[in-house]
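Comments concern the structure below.
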Amino acid sequence: MLLFIRPVKQIWRRARFLHSWANMAKLFLALFCVIALAVFGFANGYEKKGEIGIFELKRGDFSVKFTNWGATIVSLLVPDKHGKLDDVVLGYDSIQEYQNDTTYFGSIVGRVANRIGGAKFTLDGVLYKLIANEGNNTLHGGTRGFSDVVWKVTKYQKDGRSPQIVFSYRSFDGEEGFPGDLLVTATYTLIAKNQLKLTMNAKALNKPTPVNLAQHTYWNLGGHNSGDILSNHLQIFGSRITVVDHNLIPTGKLEPVKGTPFDFLKPRTVGSRINKLPKGYDINYALDDGTGEHKLKKAAVVHDKKSGRMLELSTNVPGVQFYTGNYIKDVKGKGGFVYQAHAALCLETQGFPDAVNHHNFPSTIVTPKKPYNHIMLFKFSTK
């Protein structure tokens, strides 16, 4: 009997030994997979939940950097007429400075960009009271709009034929007073030489809600540290503006720009009539749509003669806000350069401001059956 038991015990011990090694092998394999995934994720820009980082898209000399704080453009390098590269967007050197920013440098603003008068609106018979953050009004989504949240990076391809990064954010029902859960994505793609495309999509998950997203980059084609943009030549393809009151809230009227300081139907310098306005430009243009609703159309062209750089902006939405950085004062930016008023210009394609309170404006209401789509195409060249 003992002769039988001893071999059985030896076999059992050997089996346990092999079993333990098998478990260790499985453990090492799992650990290797976790490390590999972490390394792959870091190399490709995927962030841990709540983590903020910098991500670059590059195609030849054309380079754009972003942060997932506000789905923000932090730099854009493009050559001038002599091939010299410059960063043509205002911004900061650190993520912390973006988190403390009050100018919306480079960010996507929402849930509703621009202003909502009285910080309230009525939808389907329900009065919604929002967070007022500019006097009695709501600006760019409230005190904590989409520019002040961490977006998730759901796709990141740094280079290749079509470098691309996709940011997503889920806005909850009641955030800043807005109704319904909303899933938002912002996709930046380098689609061709010196061309950047931004596609902003939003889907209402359970309730109708207003949505009006805008990309708030401050452009200076001479370089972010080159001074003011008053000598830039600008053409805006909009023959009417939405008239505003002293608080920059639309009255509901649209008026022609021809012969006024707002007339950029033909190219002219930004500074040619700016002294006829209290501080500068901050107005929405109703774009002339010669190609049909929702089709891409030219919104504006900017030319900096000194560098030769040109920016042509196209979009599929009805308006563009032209802003000349009127309230920038002593803002310490990249490399310690101090930005002042008119250091850059913004061209924010959008739905009309305060559309929720003006039924004659194009609707900005999104429903579960009617999603939101907004395209911006930035084409850079030299002349």
Side-chain angles (χ1 to χ4, degrees), residues 64 66 71-73 76 78 88-89 104 106-114 140-141 146-147 164 166-167 184-192 194-202 210-219 221 232 234-242 250 254 257 262 264-265 267 281-303 310-324 344-355 361-366 370-381:
V64 191
F66 309 85
T72 298
I73 295 176
L76 190 147
V78 66
V88 297
V89 303
Y104 306 96
S107 62
I108 289 181
V109 294
R111 175 178 307 195
V112 174
N114 217 303
H140 294 329
F146 292 176
S147 58
Q164 183 179 85
V166 181
F167 298 104
V184 185
T185 61
T187 302
Y188 293 96
T189 310
L190 305 189
I191 63 169
N194 298 336
Q195 292 187 28
L196 171 66
K197 182 180 181 181
L198 168 60
T199 302
M200 293 175 278
N201 291 316
V211 176
N212 187 18
L213 306 180
Q215 215 298 332
H216 210 298
T217 290
Y218 287 69
W219 303 99
L221 296 183
N232 282 190
L234 173 67
Q235 183 176 14
I236 298 178
F237 297 87
S239 56
R240 296 180 299 166
I241 56 168
T242 49
L254 285 87
V257 300
F262 300 102
F264 288 94
L265 292 170
Y281 292 95
D282 193 1
I283 195 72
N284 174 67
Y285 286 75
L287 294 173
D288 300 327
D289 189 352
T291 57
E293 190 178 3
H294 306 308
K295 302 288 186 179
L296 278 184
K297 52 188 173 282
K298 278 188 185 180
V301 175
V302 188
H303 182 210
M310 293 186 69
L311 166 59
E312 178 186 302
L313 173 61
S314 299
T315 189
N316 65 335
V317 293
V320 61
Q321 187 84 9
F322 172 43
Y323 175 55
T324 48
L345 57 84
C346 300
L347 292 165
E348 308 156 59
T349 60
Q350 60 181 2
F352 290 1
D354 201 29
F361 287 178
S363 175
T364 55
I365 302 302
V366 171
K370 183 185 175 184
Y372 174 88
N373 174 258
H374 179 177
I375 297 172
M376 301 180 78
L377 179 59
F378 304 90
K379 293 182 180 180
F380 295 90
S381 60

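- Here the closest heavy-atom approach between residue P267 and residue Q235 is recorded as CG-OE1, 3.6 Å.
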So L265 and S239, side chain to side chain contact (heavy atoms under 4.5 Å, CB included) or not? Walk me through it. CA-CA 7 Å; L265 292 170; S239 56; 4.1 Å; yes

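- Atom-to-atom distance recorded for E348:CD and Q321:CD is 6.0 Å, nearest 0.5 angstrom.
- Put simply, the side chain of Y188 never gets that close to the backbone of F66: no donor and acceptor are under 3.5 Å apart.
- Distance check, rounded to the nearest 0.5 Å: OG1 of T217 to OH of Y104 gives 14.5 Å.
- In plain terms, the two heavy atoms of V366 and A202 that are nearest each other are CG1-O, 4.2 Å.
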Evaluate the criterion side chain to side chain contact (heavy atoms under 4.5 Å, CB included) for residue pair V211 and V184; output intermediate values, then yes/no. CA-CA 10 Å; V211 176; V184 185; over 6 Å; no

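- Remark: F361 engages F352, H358 in a ring-ring contact (aromatic ring centres under 6.0 Å, His included) (not counting sequence neighbours).
- Using a 30° and 60° split on the angle between ring planes, Y285 and F264 fall in the perpendicular class, above 60°.
- Residue Q164 comes nearest to T189 through the heavy atom pair NE2-OG1, 2.9 Å, listed as atom of the first residue, atom of the second, then distance.
- Residue F167 holds its CZ atom at 11.5 Å from OG1 of T185, rounded to the nearest 0.5 Å.
- Two residues are said to be in side-chain contact when any heavy atoms from C-beta on lie closer than 4.5 Å; F322 and F262 fail this criterion.
- Listed here is the closest heavy atom pair of L221 and V302: CD1-O, 3.6 Å.
- Of the possible donor and acceptor atoms, one in the side chain of Q215 sits under 3.5 Å from a partner among the backbone N and O of G106.
- The CG atom of D354 sits 9.5 Å away from atom OG1 of T242, with the distance rounded to the nearest 0.5 Å.
- Annotation: side chain of L345 is not in contact with side chain of Y218 (no heavy-atom distance under 4.5 Å).
- Here CG of L377 is found 13.0 Å from NZ of K297. Values are rounded to the nearest 0.5 Å.
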Kindly indicate, with the supporting measurements, whether the criterion side chain to side chain contact (heavy atoms under 4.5 Å, CB included) is fulfilled by T315 and V320. CA-CA 9 Å; T315 189; V320 61; over 6 Å; no

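- A heavy-atom distance below 4.5 Å is found between the side chains of L190 and L196.
- Closest heavy-atom contact between L296 and S314: CD2-C, 4.3 Å.
- Here the straight-line distance linking atom CD of E312 with atom CZ of F237 works out to 7.0 Å at 0.5 Å rounding.
- Between Q350 and the options T364, N284, N212, a side chain to side chain donor-acceptor pair (under 3.5 Å) holds for only N284.
- Between A299 and T349, the shortest heavy-atom distance links the atoms CB-CG2, 4.2 Å.
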Before giving the answer on side chain to side chain contact (heavy atoms under 4.5 Å, CB included), spell out for H374 and N316 the whole-Å C-alpha distance, their side-chain angles and the decisive distance to 0.1 Å. CA-CA 6 Å; H374 179 177; N316 65 335; 4.0 Å; yes

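- The one candidate from I236, L347, V301 that meets the side-chain contact (heavy atoms from CB on, under 4.5 Å) condition with L313 is L347.
- Side-chain atoms of L76 and F378, non-hydrogen and from C-beta on, never get closer than 4.5 Å to each other.
- Without hydrogens or angle criteria, S147 side chain to V109 main chain gives no donor-acceptor distance under 3.5 Å.
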